Number of protein chains: 2
Amino acid sequence: MTGCNLETIRYYEKIGVMPEPPRTSKNYRAYDESHVGRLRFIMRARELGFTLEEIRDLLALVDGGAQTCGEVQVLANTHLDSVRAKIADLKRIEHVLSSTVAQCTGGDVPECPVIDALTEVT
Amino acid sequence: MTGCNLETIRYYEKIGVMPEPPRTSKNYRAYDESHVGRLRFIMRARELGFTLEEIRDLLALVDGGAQTCGEVQVLANTHLDSVRAKIADLKRIEHVLSSTVAQCTGGDVPECPVIDALTEVT
DNA sequence: CTTGAGCCTGTACTGGCTACAGACCTTAGG
DNA sequence: CCTAAGGTCTGTAGCCAGTACAGGCTCAAG
């Protein structure tokens, strides 16, 4: 249906981002279209890297029905900033790592620029 | 000394990447230069995004004293690949998110391109 | 001599799930 | 109709890389 693991949905239910669905006579969860829609919302937001806490905030706005584009934009921009910060961080790592590895001879010798970089005294 | 939280060092000791140091008569940990060096190694590797599992592997090579540049290079390249994969992932997110937010009016209206993107049926 | 700071051990918590155990239910085949 | 294999149910424990206590001991300054 959504490709989402059932246990993940149960987890979302437990932490309160998914509502508890009605049950069948045998106590099975009976989801309807609204649940599927909400789950998709959560899954898409997760794909965009929003934390469940941020998603809770987004949902609170939408659930109120009175969300404004301005409010949503603030949340999205905050998240965008953190995504950009992570990219910058990883790029720094990528740069250091790739330029160090590039100096490796790759042979059977014990001397290694990577180890040197991790061991250096300075 | 190293700027590392004491409780983090204890954690490293517990999971076996730091050796248990000798104790003073009052049971206080007595670190020497070798411990400091090893901790710095771990901290630098963490800064480069290596997991403690990967660091364990690196240390196993170094501890044997018979590490070769080739072996280290393999570990470093594997990690580099995962860093690059994360960057690619975050860039995709950054692209989608920034182009969606760019369409926001930011006003008091309920219509919002970000919400639309999360809610769309397709 | 007291007071505040350090260290000691052990346990519980974080996020975002995943992986069971043990019980119940459903469905297909014989 | 019966059985076996698969689903679902609840609850708990685990992953990573630490952080945050509680409750006790020790140490240095005033």
Side-chain angles (χ1 to χ4, degrees), chain A residues 1-32 35-36 38-60 75 78-79 81-83 85-86 89-90 92-93 97 118, chain B residues 1-32 35-36 38-60 75 78-79 81-83 85-86 89-90 93 118:
Chain A
M1 176 72 85
T2 56
C4 186
N5 190 335
L6 188 51
E7 305 199 276
T8 301
I9 303 177
R10 290 212 318 111
Y11 172 70
Y12 289 162
E13 204 179 304
K14 196 172 78 181
I15 65 167
V17 294
M18 282 293 287
E20 297 189 18
R23 301 298 182 109
T24 68
S25 59
K26 298 303 177 188
N27 206 30
Y28 282 26
R29 287 170 179 79
Y31 298 109
D32 65 19
H35 296 96
V36 175
R38 196 184 184 86
L39 182 55
R40 271 200 231 283
F41 184 105
I42 297 170
M43 290 171 76
R44 286 203 188 104
R46 289 291 299 133
E47 277 166 28
L48 291 176
F50 284 95
T51 64
L52 286 171
E53 196 54 45
E54 290 168 326
I55 292 171
R56 196 193 301 275
D57 293 344
L58 282 171
L59 287 169
L75 295 180
T78 302
H79 175 57
D81 285 348
S82 82
V83 170
K86 274 183 201 147
D89 225 47
L90 287 169
R92 182 186 53 75
I93 289 173
L97 213 49
L118 293 172
Chain B
M1 176 73 85
T2 55
C4 186
N5 189 335
L6 187 51
E7 305 199 277
T8 301
I9 304 177
R10 289 211 319 109
Y11 172 70
Y12 290 162
E13 204 178 304
K14 196 172 79 180
I15 65 167
V17 293
M18 282 292 288
E20 296 189 20
R23 301 299 183 106
T24 67
S25 58
K26 297 304 178 187
N27 206 31
Y28 282 27
R29 286 172 178 79
Y31 297 109
D32 66 20
H35 295 96
V36 175
R38 194 182 185 89
L39 182 56
R40 269 201 233 283
F41 184 105
I42 296 170
M43 290 171 76
R44 286 205 188 102
R46 288 294 296 133
E47 277 166 27
L48 291 177
F50 284 94
T51 65
L52 287 171
E53 196 54 44
E54 290 169 325
I55 292 171
R56 197 194 300 276
D57 294 343
L58 282 172
L59 287 168
L75 294 180
T78 303
H79 176 56
D81 286 348
S82 83
V83 170
K86 274 183 202 149
D89 224 47
L90 287 169
I93 289 173
L118 293 173

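Bear in mind the structure is a predicted one, so any value in this text is a computation, not a measurement. Throughout, a chain's letter reflects where its sequence line sits, starting with A, and its residues are numbered from 1. Keep in mind that the numbers below use all heavy atoms, side chains included, and drop hydrogens, waters and symmetry copies.
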Given atom [atom1] of [X] and atom [atom2] of [N], what is their separation to the nearest angstrom?
X       : N      : atom1 : atom2 : result
A:Lys26 : D:dT10 : NZ    : C1'   : 17 Å
B:Leu39 : D:dG18 : CG    : C1'   : 14 Å
B:Arg10 : C:dC7  : CZ    : P     : 12 Å
B:Glu20 : C:dT9  : CD    : C1'   : 13 Å
A:Ile15 : C:dT18 : CD1   : P     : 13 Å
A:Asn5  : C:dC20 : CG    : P     : 12 Å
A:Glu13 : D:dT8  : CD    : P     : 14 Å
B:Ile9  : C:dG6  : CD1   : P     : 15 Å

Between A:Glu53 and A:Arg56, does any NZ, NE, NH1 or NH2 come within less than 4.0 Å of an OD or OE carboxylate oxygen?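 Yes, this pair counts.
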
Are B:Arg29 and B:Glu13 ion-paired here, with the side-chain N under 4.0 Å from a carboxylate O?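 Looking at B:Glu13 together with B:Arg29, the answer is yes, because their closest N to O distance falls below 4.0 Å.
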
It should be established whether [X] places a side-chain nitrogen or oxygen under 4.0 Å from OP1 or OP2 of nucleotide [N].
X       : N      : value
B:Asn27 : D:dT26 : no
A:Arg29 : D:dC9  : yes
B:Thr8  : D:dT19 : yes
A:Tyr28 : C:dC24 : no

Could you check whether any side-chain N or O of B:Asp57 sits under 3.5 Å from a backbone N or O of B:Ala60, counting only pairs where one atom can act as donor and the other as acceptor? no

Judged by atom type as modelled, is there a donor-acceptor pair below 3.5 Å linking the side chain of A:Arg44 to the main-chain atoms of A:Leu48?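 No: the side chain of A:Arg44 does not pair with the backbone of A:Leu48.
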
Could you tell me whether the side chain of A:Glu7 has a donor or acceptor atom within less than 3.5 Å of a complementary atom in the base of D:dC9?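 No.
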
Worked check of side chain to side chain contact (heavy atoms under 4.5 Å, CB included) between A:Glu54 and A:Leu75: CA-CA 8 Å; A:Glu54 290 168 326; A:Leu75 295 180; over 6 Å; no

Under 4.0 angstrom, heavy atoms only, what part of the nucleic acid is B:Leu6 near: base, sugar-phosphate, or nothing? sugar-phosphate

Which residues in residues 46-58 of chain A have a heavy atom closer than 4.0 Å to any atom of DNA chain C? A:Arg46, A:Thr51, A:Leu52

Could you grab the distance from atom CE of B:Met43 to atom CD1 of B:Ile55, nearest 0.5 Å is fine?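 Reported value, rounded in 0.5 Å steps: 11.0 Å.
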
For B:Lys14 and for A:Arg23, find the nucleotide of DNA chain D with the closest heavy atom, then tell me which residue's nucleotide is more 5'.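 So the residue in question is A:Arg23.
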
Taking all non-hydrogen atoms of both residues, which atom of A:Arg38 and which atom of A:Pro19 are closest, and how far apart? CD-CD, 3.6 Å

